[in-house]
Amino acid sequence: MDASEISVRCCIAGGGPAGMMLGFLLARAGISVLVLEKHADFLRDFRGDTIHPSTLEVMHELGLLQEFLQRPHQEVPTLGAQIGDAFVEVADFTHLPTHCRFIAFMPQWDFLDFLSEHARCYPAFQLRMETEVRDLIFDDGRVTGLRATMLDGELRVRADLVVGADGRHSTVRDKAGLDVTDLGAPMDVLWMRLSRHPDDPGQTLGRVDNGRIFITLNRGDYWQTAFVIPKGGFDDVHRRGLPALRDEIAALAPYLRDRVDELKDWSDIKLLSVSVDRLRVWHRAGLLCIGDAAHAMSPIGGVGINLAVQDAVAAANILAPRFLQGAVSEHDLEAVQRHREFPTRATQRLQIILQNRVIGRVLKGRGKLSPPLALRLLGSLPLLRRIPARLIGLGFRPEHVKVPAAA
Ligand SMILES: Cc1cc2nc3c(=O)[nH]c(=O)nc-3n(C[C@H](O)[C@H](O)[C@H](O)COP(=O)(O)OP(=O)(O)OC[C@H]3O[C@@H](n4cnc5c(N)ncnc54)[C@H](O)[C@@H]3O)c2cc1C
């Protein structure tokens with residue numbers, strides 16, 4: 001083997017939440033694992049900052065929760081929405097059967113840095129940044145490794161198992177020829193930051209009015225905001241111009257009027273083209289996809305990171321014992337899909353119902369809105385707010401870490 005060829009038990013494409021958590025868990029169990037990440041660091045554009053109670057529970061099970069919560073974050077115990085003139089409390093996390101009864105808002109790069117810092121303590125863990133997976137290596141139809149480009153040449157990796165955790169535009173799933181089912185989405189999202197003042201209102205999930213949806217996430221000294229637009233509507237927004245967008249934001253959240261000028265040009269605004277999809281089959285011999293690579297989620301509920309982490313925990317629980325006993329079979333990979341398919345489908349189903357019945361309709365509508373009956377019930381019956389809290393905070397069938405650390 002030359003210097004640019006290495007051999008590991010498991011090679012993971014993508015150092016996002018799914019890849020880093022799986023890499024951490026396998027290395028912790030003593031299984032040699034290599035994570036390849038195409039970027040130079042984790043410090044990139046905003047791509048979701050929500051660490052839900054289910055992920056915090058995983059951190060607790062790993063004995064890392066206290067240290068993790070020492071990183072700067074905001075704790076959000078309830079979520080609400082401003083619908084027209086009415087404010088409605090939507091979710092109350094304070095009754096969840098978990099150690100943390102709140103969503104922690106923490107930049108995703110801090111979460112990934114934390115995981116990589118701890119993963120590096122295990123000799124079985126390797127992480128190569130600036131290494132982009134380009135192709136898979138097949139032997140008799142079985143995936144036996146991959147090819148990646150580094151800054152100074154090509155890397156060939158031989159692995160018993162290749163995991164595609166390379167996100168919703170996954171190269172791995174593409175090269176593996178896995179079929180993607182597109183479930184459609186009626187919206188795109190414009191993400192932007194605006195500074196936050198001490199006398200601003202508290203945490204709000206969203207403001208819905210006049211055919212517009214605007215989300216504000218309290219990030220301490222700034223608001224991470226999301227402006228939801230009809231699918232493919234960005235050209236329209238662009239044509240109407242930045243002053244018109246600033247006015248629309250100020251109309252939805254008047255307290256931001258004095259700082260919408262912080263949006264100086266279009267580079268301050270990031271377009272998320274929303275897609276909701278999933279693989280029909282998440283695996284083939286020698287290969288498994290998890291996280292967004294297996295199922296891109298709608299941003300509704302901000303559950304993408306947490307589903308990715310849950311996939312990683314389930315994959316480690318099922319596969320680590322098989323690695324330790326000898327080999328991982330396709331039957332084991334199928335077991336991972338079987339285990340995670342119900343939570344994925346059920347979450348996407350709910351997201352699609354909300355997309356089509358609520359968001360799609362709001363975006364088409366005009367004029368003042370009032371909260372629909374379901375939201376009015378949530379507003380007036382506190383017990384009911386525990387249901388969305390459970391769905392958002394824990395999701396369907398939350399995973400628990402079962403793989404012990406290697407002695
Ligand atoms: C703007 C935006 C806002 C979002 N907001 C939220 C939110 O508030 N809450 C939430 O839960 N989710 C949110 N999401 C979704 C969330 O980011 C994803 O669901 C989650 O990160 C999926 O994790 P993952 O590890 O599967 O994939 P990703 O996080 O996409 O990670 C994949 C990694 O693979 C790397 N990669 C890709 N291709 C290659 C390659 N060929 N070789 C090597 N590396 C590669 C990428 O650089 C990336 O680091 C948001 C997404 C976006 C884009």
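Atoms within each ligand, like the ligands themselves, are counted from 1 in listed order.
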Worksheet item: Numbering the atoms of ligand 1 from 1, which are under 4.0 Å from a heavy atom of P17?
Response: 21 (O), 23 (O), 24 (P), 25 (O), 29 (O)
Worksheet item: Looking only at heavy atoms, is any part of D166 under 4.0 Å from ligand 1, and if so is it the side chain, the backbone, or both, or is it neither?
Response: both
Worksheet item: Closest heavy-atom contact between H339 and A314?
Response: CD2-CB, 3.8 Å
Item to complete: Check whether any side-chain N or O of R71 sits under 3.5 Å from a backbone N or O of M106 as a donor-acceptor pair, and report yes or no.
Response: no
Discussion item. Treating Q310 as the side-chain partner and E399 as the backbone partner, does any N or O pair qualify as donor plus acceptor under 3.5 Å?
Written reply: yes
Item to complete: Compute the shortest N/O to N/O distance between K38 and ligand 1 and return yes if it is under 3.5 Å, no if not.
Response: yes
Discussion item. Less than 4.0 Å is my threshold; does some heavy atom of L307 fall inside it relative to ligand 1?
Written reply: no
Worksheet entry | Ligand-residue contact atoms, ligand 1 with T171, heavy atoms, under 4.0 Å | 41 (N)
Worksheet entry | Aromatic ring pairing F234/H238, orientation class (parallel under 30°, perpendicular over 60°, tilted between) | perpendicular
Item to complete: Establish, yes or no, whether the cationic atom of R193 lies under 6.0 Å from the six-membered ring centre of Y222 and within 45° of the ring axis.
Response: yes
Worksheet item: What class does the angle between the rings of H73 and F102 fall in, given that below 30° is parallel, 30 to 60° is tilted and above 60° is perpendicular?
Response: parallel
Response to the item:
Residues at least two apart in sequence or cross-chain that pass side-chain hydrogen bond (donor to acceptor under 3.5 Å, both in side chains) with S267, listed by chain then number, are D265
Discussion item. Within a 6.0 Å radius of atom CG on D199, are there more than 12 heavy atoms belonging to other residues, nucleotides or ligands?
Written reply: yes
Worksheet entry | Test of proximity, R168 against ligand 1: N or O pairs below 3.5 Å | no
Worksheet item: Does D277 use its side chain to pair, donor to acceptor, with the backbone of L183 at less than 3.5 Å?
Response: no
Discussion item. Heavy-atom distances under 4.0 Å decide this one: backbone, side chain, both or neither, for V189 against ligand 1?
Written reply: neither
Fill in: Minimum non-hydrogen distance to atom 42 (N) of ligand 1, winning option of D174, D292, V133
V133
Worksheet item: When only distance counts, is E37 in polar contact with ligand 1, meaning an N/O pair under 3.5 Å?
Response: yes
Item to complete: State the atoms of ligand 1, each with its element, that fall below the 4.0 Å cut-off from a heavy-atom position in Q108.
Response: 17 (O), 21 (O), 29 (O)
Discussion item. At less than 4.0 angstrom from any non-hydrogen atom of G14, what atoms of ligand 1 do you find?
Written reply: 33 (C), 34 (O), 35 (C), 44 (N)
Worksheet item: For A308 and ligand 1, does the shortest N/O to N/O distance drop below 3.5 Å?
Response: no
Discussion item. Geometry only, no angles: is I305 polar-contacting ligand 1 at N/O separations under 3.5 Å?
Written reply: yes
Worksheet item: Backbone N or O of P107 within a donor-acceptor pair of the D110 side chain at under 3.5 Å?
Response: no
Item to complete: Give the numbers and elements of all ligand 1 atoms closer than 4.0 Å to a heavy atom of H39.
Response: 47 (O)
Discussion item. Tell me if a side-chain donor or acceptor on R134 pairs with a main-chain N or O of T171 at a distance below 3.5 Å.
Written reply: no
Worksheet entry | Ligand-side contact atoms (ligand 1) for residue partner A18, heavy atom cut-off under 4.0 Å | 25 (O), 26 (O)
Practice prompt. Determine, using ring centers only, whether F125 and F24 are less than 6.0 Å apart.
Written response: no
Worksheet entry | ligand 1-proximal atoms of L217, by part, heavy-atom distance under 4.0 Å | neither
Practice prompt. Examine distances only and state if a side-chain atom of Q351 and a backbone atom of S298 form a donor-acceptor pair shorter than 3.5 Å.
Written response: yes
Discussion item. Below 4.0 Å, non-hydrogen atoms only: which portion of A296 touches ligand 1? Side chain, backbone, both or neither.
Written reply: neither
Discussion item. For M297, state whether at least one heavy atom is located under 4.0 Å from any atom of ligand 1.
Written reply: no
Item to complete: May I ask you to list the atoms of ligand 1 that are less than 4.0 angstrom from any heavy atom of A165?
Response: 32 (C), 33 (C), 34 (O)
Fill in: Subset of ligand 1 atoms that lie under 4.0 Å from at least one heavy atom of L36
43 (C), 44 (N)
Discussion item. Any nitrogen or oxygen of G291, side chain or backbone, less than 3.5 Å from one on ligand 1?
Written reply: no
